[in-house]
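Any value given below was found using the heavy atoms of this structure, including those in side chains, with hydrogens, waters and symmetry copies removed. Nothing fancy with the numbering, it's 1 onward along the sequence. Atoms within each ligand, like the ligands themselves, are counted from 1 in listed order. In this text, all values refer to a predicted model and were calculated from it rather than measured experimentally.
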Amino acid sequence: MRFPLALTAKIARHIIKHKVKRTPKFAMVLQLEPLHTCNLTCTGCGRIREYSTSLKDMMSLEDCLGSAVECEAPMVSICGGEPLIYPTIEELIDGLLHQGRIVYVCTNGMFMRKKMKDYLAKDFTIAREPLVQQLLAEKLITEKDAEQIRAGKTDKKVVISPSKWMYWNVHIDGLEYTHDLIVEREGVFKECVEAIKMAKILGYQVATNTTVYKETDVKELEQMFEFFSSLEVDGHTISPGYDYDAAKKDMVSRLGKKPEDFFLTRAMTKQKFKDIQKWGERFTIFGTIVYQEFLAGKRELTCTAWAIPTRNIKGWKAPCYLMTDGHYAGYQEMLREVKWENYGVVDGKARDPRCENCMVHCGYDPSGALGTNYQSGDNWKNIKFNFGPKPKPYYAGREVKAFNGVSIGKGHLAEAKAAINSPRALANGLVPQAAGSCGGTSNPERDDLLAKIAAKKSE
Ligand code: SF4
Ligand code: SF4
């Protein structure tokens, strides 16, 4: 079947339990941000800009685990910042798994191999030697790494072990050239690919996490799916990026440009995602079939942002992962206090102007699972989709020229930095070389970069 039975059953049980109890609003996925510090400064990153913090500003392990208990979401997506920087990330993952949650670790991939080497070294026995040999043969670890692994790890610290309840969810926004330009560091795509290969050899589950922007080349997206499918990645999360930010109004009023010059509007999103169901036949795209129909412009959905709450150092962020109108001390308090009827788009009308172009998964994917805009036949469609055959790995994807940037000797950071430091970027209040976007926001600087990529490709 398309998704593992145990995971599907756990989520179905959760929904049925609350439907029987007639709970009006409940959590499906907790977006947990233990910290906002990151080792990268991706162009357009909303998180590192909105919450400019240092390592000392982070949630305690107890708060992290307590927030999952508090909202009872069966799935927890640990994001940030870069969650692998969180000093007790191993204990956090372990604690959430012990609570019976499905855990997604949303990472930029740079520290994955280190964490997996720790796993191999922990209680090393000769039985693991074939794995070490395979990793050496594939050049995913060095001889020195192998020696350290064989020496073993004797401390009591827990490690991140493979589990059917856990996914590495690796941020990938395109093939090498595009991705490294967006994350503003050469070599990141290559590191992600090596980390994914190592994870698959060791038996971890891996997903990729992609945000689609106005300049995203849909053809490149398909090649990206083909390439990662050939690496036997288990699934793909994909969501449209958009911007509701004050920067939008500012750019429009000062520069006299139309919003659609910069941002992915609803119409553009539908155009970009018109083939998502075809992609879903070839690749394991995460998300409900109903949400995919919504993205393709075939139906409307009502925003259910309360079902994917975000918890961070400041509290429960309302109304959603993208917009911040306040933080609350408790999940139930947030459910009670927020005027949910003031958000989202209903019958084509935005209840809040900032929601106008939003079709992001954290607002609308749960709507599909919860049946908030039920149409006859939806249940059968969902069953057919979930229980249908899982798309097979596309091994011909190995032929995709995924390494089309720095690894073939084309450094490009200078161009990225120039764009970040452009008069337009600075006029928009961007701190030089320190922008970024975890979680689906876009901005003109990012669009500038992506336009440059497109121009470069057509040279
Ligand atoms: S429509 Fe989008 S921006 Fe508006 S509340 Fe829902 S998720 Fe947030
Ligand atoms: S988008 Fe980039 S800079 Fe922002 S948190 Fe994610 S990896 Fe870090």
Side-chain angles (χ1 to χ4, degrees), residues 29 31 33-53 77-86 105-112 169-173 179-185 188-189 191-192 209-211 213 239-245 263-264 266 269 291 294 300-310 312 317-326 334 338-346 349-367 372 420 431 433-443 446:
V29 184
Q31 301 263 33
E33 299 178 338
L35 80 178
H36 291 112
T37 307
C38 190
N39 54 316
L40 296 181
T41 53
C42 303
T43 306
C45 175
R47 278 306 184 267
I48 61 171
R49 291 178 74 195
E50 183 177 350
Y51 301 92
S52 122
T53 54
S77 177
I78 311 176
C79 32
E82 170 51 51
L84 295 188
I85 294 177
Y86 186 59
V105 184
C106 300
T107 174
N108 58 41
M110 296 302 280
F111 302 121
M112 268 174 73
N169 196 13
V170 188
H171 167 202
I172 302 277
D173 274 350
H179 185 72
D180 282 1
L181 199 53
I182 286 172
V183 302
E184 291 187 46
R185 189 177 301 176
V188 175
F189 181 83
E191 179 58 41
C192 289
N209 180 14
T210 304
T211 305
Y213 295 93
S239 184
Y242 99 115
D243 202 319
Y244 53 85
D245 197 78
F263 307 111
L264 204 52
R266 280 202 154 214
T269 298
Y291 177 58
F294 169 67
E300 284 304 320
L301 288 177
T302 308
C303 169
T304 47
W306 40 264
I308 305 197
T310 300
N312 62 32
K317 181 179 183 297
C320 64
Y321 187 68
L322 299 169
M323 282 203 302
T324 313
D325 285 350
M334 179 177 83
V338 173
K339 298 212 175 328
W340 299 100
E341 66 280 10
N342 290 347
Y343 297 103
V345 177
V346 175
K349 284 208 183 88
R351 290 152 151 179
D352 183 308
R354 296 169 298 174
C355 298
E356 186 182 342
N357 289 312
C358 173
M359 297 176 84
V360 299
H361 82 283
C362 55
Y364 292 94
D365 196 13
S367 319
T372 45
I420 294 299
V431 178
Q433 296 176 34
S437 171
C438 233
T441 57
S442 175
N443 69 19
R446 184 173 195 132

Do any heavy atoms of Tyr364 fall under 4.0 Å from ligand 1?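 Yes.
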Is the shortest distance from a heavy atom of Cys362 to ligand 1 less than 4.0 Å?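 It does not; every heavy atom stays at 4.0 Å or beyond.
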Element-labelled atoms of ligand 1 that are located less than 4.0 Å from some non-hydrogen atom of [X]:
X: Gly363; value: 7 (S)
X: Cys320; value: 3 (S), 5 (S), 7 (S), 8 (Fe)
X: Tyr343; value: 5 (S)
X: Cys355; value: 1 (S), 4 (Fe), 5 (S)
X: Gly344; value: 1 (S)

Asn342: what forms a side-chain contact (heavy atoms from CB on, under 4.5 Å) with it, not counting sequence neighbours?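 If we apply the side-chain contact (heavy atoms from CB on, under 4.5 Å) test to Asn342, skipping adjacent residues, the hits are Lys339.
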Is any side-chain N of the basic residue among Arg266 and Glu300 closer than 4.0 Å to the acidic one's carboxylate O?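 Between Glu300 and Arg266 there is a salt bridge, with a charged N closer than 4.0 Å to a carboxylate O.
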Can you name the closest pair of heavy atoms from Pro83 and Leu35 and give their distance?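 For Pro83 and Leu35, the tightest heavy-atom pair comes out as CA-CD2, 4.2 Å.
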Taking all non-hydrogen atoms of both residues into account, name the closest pair between Thr41 and Glu184 and its distance.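 Heavy-atom minimum between the residues: O-OE2, 3.3 Å.
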Do the side chain of Thr107 and the main chain of Gly109 share a donor and acceptor less than 3.5 angstrom apart?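 At least one qualifying donor-acceptor pair exists.
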So, does Thr210 use its side chain to make a donor-acceptor pair with the main chain of Ile172 at under 3.5 Å?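 Answer holds: yes.
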Would the Tyr291 and Tyr364 ring centres measure less than 6.0 Å apart?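 No.
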Element-labelled atoms of ligand 2 that are located less than 4.0 Å from some non-hydrogen atom of [X]:
X: Gly81; result: 5 (S)
X: Leu40; result: 3 (S)
X: Cys38; result: 3 (S), 5 (S), 7 (S), 8 (Fe)

Should one rank Thr211, Asn108, Ile85, Thr107 by closest heavy-atom distance to atom 7 (S) of ligand 2, which comes out on top?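 Among Thr211, Asn108, Ile85, Thr107, the closest heavy atom to atom 7 (S) of ligand 2 comes from Asn108.
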Would you please determine whether Val183 falls within less than 4.0 Å of ligand 2 on a heavy-atom basis?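 Contact absent.
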May I ask you to check whether Cys303 brings an N, O or S atom to under 2.8 Å from atom 2 (Fe) of ligand 1?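 No N, O or S atom of Cys303 is closer than 2.8 Å to atom 2 (Fe) of ligand 1, so no.
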Establish, from distance only, whether the side-chain atoms of Glu82 and Thr37 form a donor-acceptor pair under 3.5 Å.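 Per modelled atom types, Glu82 and Thr37 side chains form no pair under 3.5 Å.
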Does a side chain donor of either Tyr213 or Asp173 reach within less than 3.5 Å of an acceptor in the other side chain?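 The criterion, which ignores hydrogens and geometry beyond distance, is not satisfied for Asp173 and Tyr213.
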